[in-house]
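First the structure, in the form of structure tokens, and then the observations on it.
Note that ligands are numbered from 1 as they come in the structure, with each ligand's atoms numbered from 1 the same way. Sequence positions, counted from 1, serve as the residue numbers for this chain.
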Amino acid sequence: MSGPPLESSITVGGCTLRNRLYRAPLLECAGNGPDTVETLIDELEPAAASGVGLIHQGATIVRADGGCAAPGMTRVSDPAFVSQLERLTDVIHAHGGAIALQLEYGGLRSMEVWHAGYRESNPDLEQLVVSRPPRVLRALDRVGFLELTPRVMDAKTVESLAADFGRAAAHAVDAGYDMIHLAGANMGIIQQFLSPFYNRREDEFGIDPETGSGVRFLELVHDEIRDRAGDVPLITKIPSEAAAPRVLRPRLSDENAVRTAVRLESIGYDGVVPVRCSVFWDMSIVRGAFPARAWRASHLRPGYIEAFGSRPRAIAVAAGNWLQSLKYRREPGWNADLARRVRNSVEIPVFLEGGLRERGELERYLGDAADLVGMGRPFYAEPRLPARLLGGTDETRVVCEDCNNCAVAQAGGAEGTCRTPSVLRRAGQLRKRDAYDTPSNE
Ligand SMILES: Cc1cc2nc3c(=O)[nH]c(=O)nc-3n(C[C@H](O)[C@H](O)[C@H](O)COP(=O)(O)O)c2cc1C
């Protein structure tokens with residue numbers, strides 16, 4: 001049985017999208033400076049101009065202090081600043097596209113935990129945490145690899161953090177965003193609430209026996225967003241931690257992710273993005289090769305040394321990255337079976353991303369494992385990728401080779417961009433053949 005075509009429209013929580021192809025969130029490192037809006041327009045406009053249905057802007061931070069997971073993240077706590085982003089949303093809308101803002105707070109994934117240079121210039125920053133940090137993080141703290149200054153949130157602080165998500169969503173709606181996307185995975189604070197690896201609370205924000213996840217925080221965030229931002233379409237990533245090494249437990253299973261999705265639908269979420277990841281922020285979310293070129297690049301080295309504290313430590317992190325690359329090879333559509341299980345249990349749209357690379361694959365998953373399909377890394381080499389995929393043949397394939405040279409340099413503050421000459425050459429050849437000129441769907 002064939003599903004809906006990629007080009008067919010779909011409605012997510014009242015927002016009608018012109019097709020089912022989306023650009024997955026990728027940190028833009030646009031910060032909060034005078035060039036932020038221009039940087040975001042440069043990065044995101046080509047996808048809209050070439051016909052994508054929905055763009056997910058990379059994660060932004062809901063508070064004014066701390067909680068940034070990586071260098072250059074944009075904070076969205078100040079309404080005056082967020083109002084400037086209306087210029088971006090206008091540009092996307094002028095091309096017939098839609099744009100979601102992703103909201104995040106780092107907790108134990110914050111730069112003040114792992115980024116040596118940032119910690120040095122912000123020595124007083126504490127981390128808001130769900131419970132006492134897991135043993136393995138405390139061990140890394142003791143040997144000086146991380147620096148933890150955790151503050152376990154009392155119920156009032158949890159409520160105030162949820163209210164920050166609500167306020168940021170309201171600012172986003174005022175600036176013209178079409179959808180709010182919660183960064184529910186990638187080791188952000190939402191995953192830390194959901195996961196029994198982090199959440200050992202005994203109050204109402206602890207692990208819910210029915211879902212096996214600490215879903216109450218997402219319920220509260222939902223209510224705050226509805227109170228402050230109205231009925232804006234609201235979606236979230238939902239992690240299964242099944243990809244984590246076996247020794248790391250307890251953790252979220254696929255079944256917990258499915259039950260969490262069912263609960264979120266019942267309380268009013270409009271869509272979910274199920275992702276299979278680990279309990280940490282690692283290569284399980286960006287499966288592919290070891291990014292040797294990006295680690296070796298001499299101009300990127302100072303950024304790594306600043307981030308990890310010294311050259312030997314940067315080398316140790318690179319070695320860990322290599323080991324992970326052996327475990328987390330790209331498999332086509334690695335979240336598809338989880339997404340299918342979720343989709344069989346809910347009525348709301350299910351978004352699928354992770355390792356999708358060919359138009360034929362996208363169409364096979366539509367109506368089976370997912371209602372919308374997205375890609376992340378392939379947009380770096382091909383910002384106007386939708387022009388090739390929409391209306392292409394089953395064999396139309398991205399030029400991205402999953403080498404991950406785009407991703408790792410972000411830890412050191414460098415922009416996310418394709419750094420692989422053979423891939424860029426191939427994109428250049430396609431550009432010369434006008435492959436990115438049609439269709440525009442405008
Ligand atoms: C450099 C980089 C930055 C990312 N930033 C985010 C982010 O801000 N929020 C998020 O939910 N996922 C983020 N992701 C994960 C992507 O959205 C996507 O799930 C992942 O890259 C797998 O899709 P792909 O195989 O098509 O790249 C990021 C991935 C990369 C490579």
Side-chain angles (χ1 to χ4, degrees), residues 21-30 40 43-44 47 52 54-62 67-74 76 100-106 109 180-191 235-239 243 272-278 281-289 291 294 321 328-336 338-339 351-358 361-362 365 370 372-382 385-386 389 397-420 423:
L21 179 66
Y22 70 90
R23 185 191 197 273
L26 298 169
L27 290 182
E28 297 87 10
C29 303
L40 289 169
E43 187 86 8
L44 302 178
V52 85
L54 174 65
I55 293 170
H56 294 287
Q57 188 175 322
T60 60
I61 300 299
V62 298
C68 269
M73 287 182 80
T74 300
V76 289
L101 187 67
Q102 197 185 50
L103 302 180
E104 146 113 291
Y105 191 74
R109 198 199 131 177
I180 298 299
H181 180 183
L182 302 177
N186 304 6
M187 201 190 150
I189 198 78
I190 294 174
Q191 183 174 347
I235 69 167
T236 182
K237 282 197 174 176
I238 299 185
V272 286
V273 191
V275 287
R276 228 194 232 133
C277 52
S278 172
W281 174 40
D282 61 18
M283 274 188 75
S284 59
I285 59 162
V286 287
R287 300 180 195 204
N321 189 198
Y328 299 121
R329 292 273 176 218
R330 182 186 78 86
E331 306 148 37
W334 70 74
N335 290 314
L338 173 64
F351 294 64
L352 173 65
E353 65 198 41
L356 305 176
R357 296 295 179 259
E358 235 176 54
E361 238 168 40
L362 302 179
Y365 290 129
L372 298 100
V373 281
M375 296 183 188
R377 289 166 289 176
F379 276 88
Y380 281 137
E382 299 181 272
L385 177 60
L389 289 174
R397 190 179 173 78
V398 305
V399 298
C400 175
E401 290 173 358
D402 307 290
C403 59
N404 274 327
N405 289 319
C406 56
V408 71
Q410 282 201 340
E415 60 169 343
T417 186
C418 179
R419 300 190 164 80
T420 305
V423 173

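A donor-acceptor contact shorter than 3.5 Å links the side chain of Gln410 to the backbone of Leu27. No donor-acceptor pair under 3.5 Å is formed between the side chain of Tyr380 and the backbone N or O of Ala407. Under the 3.5 Å distance criterion, the side-chain polar atoms of Arg287 are left unmatched by any main-chain donor or acceptor of Gly355. In this structure, the side chain of Ser278 does not engage the main chain of Ala243 through any donor-acceptor pair within 3.5 Å. Distance alone, capped at 3.5 Å, is enough to place a donor-acceptor pair between the Glu28 side chain and the Gly58 backbone. In this structure, Asn335 contributes its side chain and Leu352 its backbone to no donor-acceptor pair below 3.5 Å.
Of the listed residues (Arg23, Arg287, Lys237), the one carrying the non-hydrogen atom nearest atom 11 (O) of ligand 1 is Lys237. The heavy atom nearest to atom 22 (C) of ligand 1, considering only Leu352, Val398, Ile285, Val273, is found in Ile285.
At a heavy-atom distance under 4.0 Å, atoms from both the backbone and the side chain of Arg377 approach ligand 1. With a 4.0 Å heavy-atom cut-off, ligand 1 is reached by no atom of His56.
The shortest side-chain heavy-atom distance between Val286 and Asn404 falls under the 4.5 Å cut-off. His56 places none of its side-chain heavy atoms less than 4.5 Å from the side chain of Leu101. Side-chain contact between Gln191 and Cys277 is present, with at least one heavy-atom pair separated by less than 4.5 Å. Contact annotation: the side chain of Asn321 approaches that of Met283 to within less than 4.5 Å [non-hydrogen atoms, C-beta and beyond].
Taking a cutoff of 4.0 Å between a charged side-chain nitrogen and a carboxylate oxygen, Asp402 and Arg357 qualify as a salt bridge. Between Glu104 and Lys237, none of the side-chain N atoms (NZ, or NE/NH1/NH2) sits under 4.0 Å from a carboxylate O, so this pair counts as no salt bridge.
For ligand 1, none of its N or O atoms has an N or O atom of Gly374 under 3.5 Å away. In terms of N/O distances under 3.5 Å, ligand 1 is not approached by Trp334. Of the N or O atoms in Gln410, none lie within a sub-3.5 Å distance of an N or O in ligand 1. Between Pro25 and ligand 1, at least one pair of N/O atoms sits closer than 3.5 Å. In terms of polar-atom proximity, Asp402 is not counted as a contact of ligand 1, lacking any N or O under 3.5 Å from an N or O of the ligand. Ligand 1 has no nitrogen or oxygen under 3.5 angstrom from a nitrogen or oxygen of Val286.
The ligand atoms of ligand 1 that sit less than 4.0 angstrom from a heavy atom of Gly376 are 24 (P), 26 (O), 27 (O). Residue Arg357 has at least one heavy-atom neighbour below 4.0 Å for each of these atoms of ligand 1: 24 (P), 25 (O), 26 (O), 27 (O). Close approach of ligand 1 to Gly58 (heavy-atom distance below 4.0 Å) involves ligand atoms 8 (O). Within the listing of ligand 1, atoms 9 (N), 10 (C), 11 (O), 12 (N), 13 (C) sit less than 4.0 angstrom from a heavy atom of Asn186. Atoms of ligand 1 found under 4.0 Å from any heavy atom of Glu353 (numbered from 1 in listed order, with element): 17 (O), 18 (C), 19 (O). Ligand 1 places these atoms under 4.0 Å from at least one heavy atom of Tyr380: 1 (C).
Residue Gly354 places a heavy atom less than 4.0 Å from ligand 1. Within the structure, ligand 1 lacks Arg330 among the residues with a heavy atom less than 4.0 angstrom away. No heavy atom of Ala183 sits closer than 4.0 Å to any atom of ligand 1.
For atom 8 (O) of ligand 1, the closest non-hydrogen atom on the protein side is Ala59 N, 3.0 Å. Scanning the protein heavy atoms around atom 7 (C) of ligand 1, the nearest turns out to be Gln102 OE1, 3.6 Å. Of all protein heavy atoms, the one lying nearest to atom 5 (N) of ligand 1 is Leu27 N, 3.2 Å. Closest to atom 30 (C) of ligand 1 among all protein heavy atoms lies Leu26 CD2, 3.5 Å.
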Next on the checklist: Before you tell me yes or no, could you show the steps for Thr74 and Ile61 under side chain to side chain contact (heavy atoms under 4.5 Å, CB included), namely the whole-Å CA-CA distance, both residues' side-chain angles and the distance that decides it to 0.1 Å?
Outcome noted: CA-CA 6 Å; Thr74 300; Ile61 300 299; over 6 Å; no
Item to check | Step-by-step side chain to side chain contact (heavy atoms under 4.5 Å, CB included) determination, Leu103 to Ile180 | outcome: CA-CA 7 Å; Leu103 302 180; Ile180 298 299; 3.7 Å; yes
